[in-house]
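Below: one structure, written as structure tokens.
Throughout, protein chains are lettered first and strands after them, A, B, ... in sequence-line order, and every chain is numbered starting at 1.
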Number of protein chains: 2
Amino acid sequence: MTSSPATRPTDGRAARWAGQRERRRREFVDAALRAIASHGPEVSTEQIAEEAGLGRTRLYKYFADAADLQGGIADRVTELITAELAPALNAGGTPMRMIRTAIDAHTRWLAEHGNLYRYLTMHSLSAHGRDAVTDVKTAIARNLTVLFERNLELFGASTRLAEPVAFGVVGLVESSTARWLENPGDLGRHELADLLATWVWRLLDAALRAQGVELDPDLPLPVPGEPLATRG
Amino acid sequence: MTSSPATRPTDGRAARWAGQRERRRREFVDAALRAIASHGPEVSTEQIAEEAGLGRTRLYKYFADAADLQGGIADRVTELITAELAPALNAGGTPMRMIRTAIDAHTRWLAEHGNLYRYLTMHSLSAHGRDAVTDVKTAIARNLTVLFERNLELFGASTRLAEPVAFGVVGLVESSTARWLENPGDLGRHELADLLATWVWRLLDAALRAQGVELDPDLPLPVPGEPLATRG
DNA sequence: TCCCGGTAACAGGAACATACTGTACCCGCT
DNA sequence: AGCGGGTACAGTATGTTCCTGTTACCGGGA
């Protein structure tokens, strides 16, 4: 009947609100992060809405349900952690340096956002049957997978093990760090990061050698544009 | 006044029911496992009670709340997995053989009990702020910790890294296997188990070398009673 | 010895209270 | 017209209370 072109807004009165939904969603997620920080991991949607300065039912204007909000929070956390890790992983340099810097950033972030981490562990996105931490870990692992694949291709090696390695590395770091958070023992954060970096390198080294690639962890990686030199 | 010795029941009418509570708890947990297998991971307490042939409210006679039941389920799963892993870990033999057998049992168990695994991932025991999978993983990791500590002591090495290593190993295996379960790609279960075994050994080897211990993964471990021989 | 009322502890369930989630609808503003 | 706000309400899951059996043990009396 009426023309409803997707390419151009029908009415200026509609264009006025373009992106409004996304803005409001971000506001709610921001409020949720503040509420988690202040009320702890067992925060209710009521408290989140209060933190946003709105009534609880307003939430359903912008989120399909509570799981949708939690998905938004998980996405935001993924952004935050990715932003922490990106400098370490994209800066290039030696493998060991990248690993050590990334793990240090990761352990620091977790230590500083314990409530947020606990919130994610105890809320499940029943829609997909996964919990929020799994979603965040999956997102990180997929980034790592891409990184590994890029570097494996530089050496002409197969990329089929990149994904299992990436998920293994993420699980290794997360599990050990989570335990350390709840039960630090006599282990300092930097010592833990050193240990994890060593173990992660051993894991990567094993996967690389299985592909016939030998790397010195303390020599810089080749860069896509430059000629590469495999070192034994 | 009246004799009420703790050593002997005052009345046969009371003694009749000794252990009844534990029996009923086990029955409920059994019913829950069946209900999860048949109704999927989103099973309700109502359905569990129905599977047990009882009204829902009966549950609260034996469990403090729903989290208590889930704790019971998590404990049972821990028993089941521990029973799967124990033969591999206690049989002795070479490190590589133990690792490979344990990981094979673990991947097989997860592949066969996908619904149960998903149930655990999506139900949180809010009492402690942890999810059920974390509890199971923690229990397994503690068993591994003890195993590592025993063997480290045989070599006169420090045991302070046993716990971080154990949790790291558990996280590594669980994370990679969980991803493989949801997204197997072209990787067979046995190939995955081989990869994980190699990586776990590299991790253990790194931790051992940091303590000055070098082991050949394909030579049998020393046994407590026998003289030990470190092999370079 | 056997029967019999009494009793302790469990079995089962209905009715109720509470909390969280999500929907419907109403009004106001620009 | 379209968004902003909120109250009232429905649905569901979670616990609690209370009432009615049921079973096996106990002690006493014929």
Side-chain angles (χ1 to χ4, degrees), chain A residues 1-5 8-28 31-32 35 39-73 119 122-127, chain B residues 2-4 8-28 31-32 35 39-73 119 122-127:
Chain A
M1 306 301 188
T2 67
S3 69
S4 57
R8 190 179 56 88
T10 307
D11 191 329
R13 281 173 296 190
R16 228 179 103 201
W17 301 105
Q20 179 70 354
R21 179 184 166 87
E22 276 311 309
R23 276 195 296 276
R24 300 294 266 158
R25 282 176 66 98
R26 293 192 72 84
E27 287 175 22
F28 259 106
H39 291 96
E42 300 203 5
V43 68
S44 67
T45 58
E46 180 86 47
Q47 289 170 313
I48 291 175
E50 187 187 2
E51 178 69 39
L54 296 173
R56 179 185 61 83
T57 61
R58 281 296 89 196
L59 187 143
Y60 297 97
K61 278 285 190 185
Y62 306 102
F63 295 91
D65 51 23
D68 193 15
L69 170 61
Q70 285 158 21
I73 295 173
Y119 174 88
M122 63 198 302
H123 286 82
S124 61
L125 289 49
S126 58
Chain B
T2 66
S3 68
S4 59
R8 191 180 55 88
T10 308
D11 194 326
R13 282 171 296 189
R16 221 181 108 202
W17 300 106
Q20 180 70 353
R21 178 182 167 89
E22 275 312 309
R23 275 195 298 276
R24 299 292 268 158
R25 283 176 67 99
R26 292 192 73 85
E27 286 175 22
F28 260 106
H39 291 96
E42 301 204 4
V43 68
S44 67
T45 58
E46 180 87 46
Q47 289 170 313
I48 292 176
E50 187 187 0
E51 178 69 39
L54 296 173
R56 179 185 61 83
T57 60
R58 280 296 87 195
L59 189 145
Y60 298 98
K61 278 285 189 183
Y62 306 101
F63 295 91
D65 51 23
D68 193 13
L69 171 59
Q70 287 158 21
I73 295 174
Y119 174 87
M122 63 198 302
H123 286 82
S124 59
L125 289 50
S126 57

Provide, to the nearest angstrom, the distance between the [atom1] atom belonging to [X] and the [atom2] atom belonging to [N].
| X | N | atom1 | atom2 | answer |
| --- | --- | --- | --- | --- |
| B/Leu59 | C/dG12 | CG | C1' | 14 Å |
| B/Phe28 | C/dC10 | CZ | P | 15 Å |
| B/Phe63 | D/dT16 | CZ | P | 15 Å |
| A/Glu42 | C/dA19 | CD | P | 15 Å |
| B/Gln20 | C/dA8 | CD | P | 19 Å |
| B/Glu27 | C/dC10 | CD | C1' | 12 Å |

Measure across [X] and [Y] and return the closest heavy-atom pair with its distance rounded to 0.1 Å.
| X | Y | answer |
| --- | --- | --- |
| A/Ile48 | A/Phe28 | CG2-O, 4.2 Å |
| A/Tyr62 | A/Arg21 | O-NH2, 3.3 Å |
| A/Arg56 | A/Ala49 | CA-CB, 3.6 Å |

Might you list the N or O atoms of the protein lying below 3.5 Å from N or O atoms in nucleotides 17-23 of chain D, with each pair's distance?
from, atom 1, to, atom 2, distance (Å)
D/dT23, O2, B/Arg16, NH1, 3.4

(request) Please check if atom CZ in B/Arg26 has more than 12 non-hydrogen atoms from other residues, nucleotides or ligands closer than 6.0 Å. (result) no

(request) Would you indicate whether A/Gln47, at its atom CD, is surrounded by more than 12 heavy atoms from other residues, nucleotides or ligands within a distance under 6.0 Å? (result) yes

(request) Would you indicate, yes or no, if D/dG4 has its OP1 or OP2 atom less than 4.0 angstrom from a side-chain nitrogen or oxygen of A/Arg23? (result) no

(message) Checking A/Asp65 now: which residues fulfil salt bridge (Lys or Arg N to Asp or Glu O under 4.0 Å) with it, not counting sequence neighbours?
(response) none

(request) Look up atom CG in A/Leu59 and atom NZ in A/Lys61, then write down how far apart they are to the nearest 0.5 Å. (result) 12.5 Å

(request) Before giving the answer on side-chain contact (heavy atoms from CB on, under 4.5 Å), spell out for B/Leu54 and B/Arg24 the whole-Å C-alpha distance, their side-chain angles and the decisive distance to 0.1 Å. (result) CA-CA 11 Å; B/Leu54 296 173; B/Arg24 299 292 268 158; 3.8 Å; yes

(request) Answer whether the closest heavy-atom distance between the side chains of A/Glu42 and A/Met122 falls below 4.5 Å. (result) yes

(request) Pick base, sugar-phosphate or nothing for A/Arg24, based on heavy-atom distances below 4.0 Å to the nucleic acid. (result) sugar-phosphate

Please enumerate all protein N or O atoms sitting under 3.5 Å from an N or O of nucleotides 9-14 of chain D, with distances to 0.1 Å.
from, atom 1, to, atom 2, distance (Å)
D/dT14, OP2, B/Thr45, OG1, 2.9

